[in-house]
Protein chains: 2
Amino acid sequence: MHDATRELLVETERDGISVPAIAARAGVNPTTIYRRWGDLASVLSDVAADRFRQSDPPAETGSLTGDLSLWAEYFLEEMGSGPGRSYVADVLAGDANGENTGICARYAADAITQILARFPNTANPAVDEVLDHVAAPILYRILFTKQRPEAGYGSQLVTRLLRGTQTDAHQV
Amino acid sequence: MHDATRELLVETERDGISVPAIAARAGVNPTTIYRRWGDLASVLSDVAADRFRQSDPPAETGSLTGDLSLWAEYFLEEMGSGPGRSYVADVLAGDANGENTGICARYAADAITQILARFPNTANPAVDEVLDHVAAPILYRILFTKQRPEAGYGSQLVTRLLRGTQTDAHQV
DNA sequence: GCGTTAAAGCAATATTTCTGCGTTAGACTT
DNA sequence: AAGTCTAACGCAGAAATATTGCTTTAACGC
């Protein structure tokens, strides 16, 4: 079912996608989809969330700044490029109880947690701080402004965050 | 038309809203709505964006920190309370060309610009910095996590941002 | 006043969504 | 192993929604 939806998302125009179309592609009765998901938005939300879930552990560069920057740039690319914005919007649209958005948030949090755990001795920012000041701005720009942020914006946010944290550590 | 939609949003359940229902309420033919907007999502997107647009200039407290904090808390309350999240999601859902999200972003930017202009002599953060590190985290939490952030989170973000900026000024 | 044009109504049609009912497949009991 | 129970699916018909062609209305410039 997810496969069929993904294939349709690639092949056809966005508004050519409908529950009957997905059903036909999956060789299944539309009724099945309606009973399982309720409507098209929920199917798309599930599929989109799934698309963000599958991924490798974040790449290693040897430094906290490097790892976070690389992840931020990857995140920016993944969310901002072409269909990425649509996927994010899909996740939000068909997610009445906040389940799929939760999955996406947890995925990002996991990646950051992994990275931070590699450098336990430095004055690390909290996971939430990275989410708030790196992931959130990227998403904000992708969702609410027309032009996606240029490459380098992600690592710029990371630099800014780490500078702030280090300053704090010194001041305490 | 917007009025009719708003009334329906208040009166009926969310999935009881349809294009024919709005048309009936507005005393108009459904065809008119379909031709003007295309589908329900676009209507809801327009109405939701409009809801955020209408507002007074941000309140004054006499200090940059105070004005920004007050605005941040207002923003948090407006976006996070009850139907707020739905409105944000609506804006995103029915906005193929990014027009309505642009309106929302501009509205937030305008409010921040007004506030910053009141204190021209201090080492102000840029408008984009406020958007990135105050508005964006609030929206991120509202959209992607289940429990809305507690009151005080907005002013906390403002404090963090201004502390960073001031530190920078001293260091330079 | 008169023609032009944009927007809306109306009616017919197509498509999607919903519901009731029958069938099948797998799990569990005896 | 046969019987029963449950959950999921298919099918067909009905209801609701979305689309289209054509007509009507109303506003504007001439």
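Protein chains get the first letters and strands the later ones, always in sequence-line order, with residue 1 at the start of each. Values reported hereafter were calculated over all heavy atoms of this structure, with side chains retained and with hydrogens, waters and symmetry mates removed.
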**Message:** Tell me whether A:Arg141 is salt-bridged to A:Glu150, with the criterion being a basic N under 4.0 Å from an acidic carboxylate O.
**Reply:** no
**Asked** Under 4.5 Å between side-chain heavy atoms, hopping through other hydrophobics if needed: is there a path connecting B:Ile103 to B:Met79?
**Response** no
**Request:** Consider only side-chain N and O atoms of A:Asp110 and A:Thr113, and report whether a donor and an acceptor are under 3.5 Å apart.
**Result:** no
Could you pull out the protein-nucleic contacts involving nucleotides 7-13 of chain D (nitrogen or oxygen on both sides, under 3.5 Å)?
unit_1, atom_1, unit_2, atom_2, d
D:dG10, OP2, A:Asn29, N, 2.9
D:dG10, OP2, A:Thr32, OG1, 2.4
D:dG10, O6, A:Arg35, NH2, 2.5
D:dC11, N4, A:Thr31, OG1, 3.4

**Prompt:** Is there a side chain to side chain contact (heavy atoms under 4.5 Å, CB included) between B:Leu143 and A:Leu139 once you walk through the steps?
**Reply:** CA-CA 11 Å; B:Leu143 289 175; A:Leu139 279 169; over 6 Å; no
**Within one Ile-Leu-Val-Met-Phe-Trp-Tyr cluster: B:Trp37 and B:Leu40, side-chain cutoff 4.5 Å** = yes
**Request:** Take the protein atom CG of A:Asp39 and the nucleotide atom P of D:dT17, then report the distance between them rounded to whole Å.
**Result:** 14 Å
**Item:** Between D:dT17 (P) and A:Leu40 (CG): distance, integer Å
**Value:** 17 Å
**Request:** Give the minimum heavy-atom separation between B:Met1 and B:Val28, together with the two atoms involved.
**Result:** CE-CG1, 4.0 Å
**Rounded distance (Å) that lies between atom P of C:dC18 and atom CH2 of A:Trp37** = 15 Å
**Message:** Using a 4.0 Å cut-off on heavy atoms, which residues in residues 8-19 of chain B reach DNA chain C? List them by number, or say none.
**Reply:** none
**Item:** Pairwise side-chain contact, B:Val88 with B:Ile142, heavy-atom cut-off 4.5 Å (strictly under)
**Value:** no
**Set of residues satisfying side chain to side chain donor-acceptor pair (under 3.5 Å) with respect to B:Thr61, sequence neighbours excluded** = B:Asp67
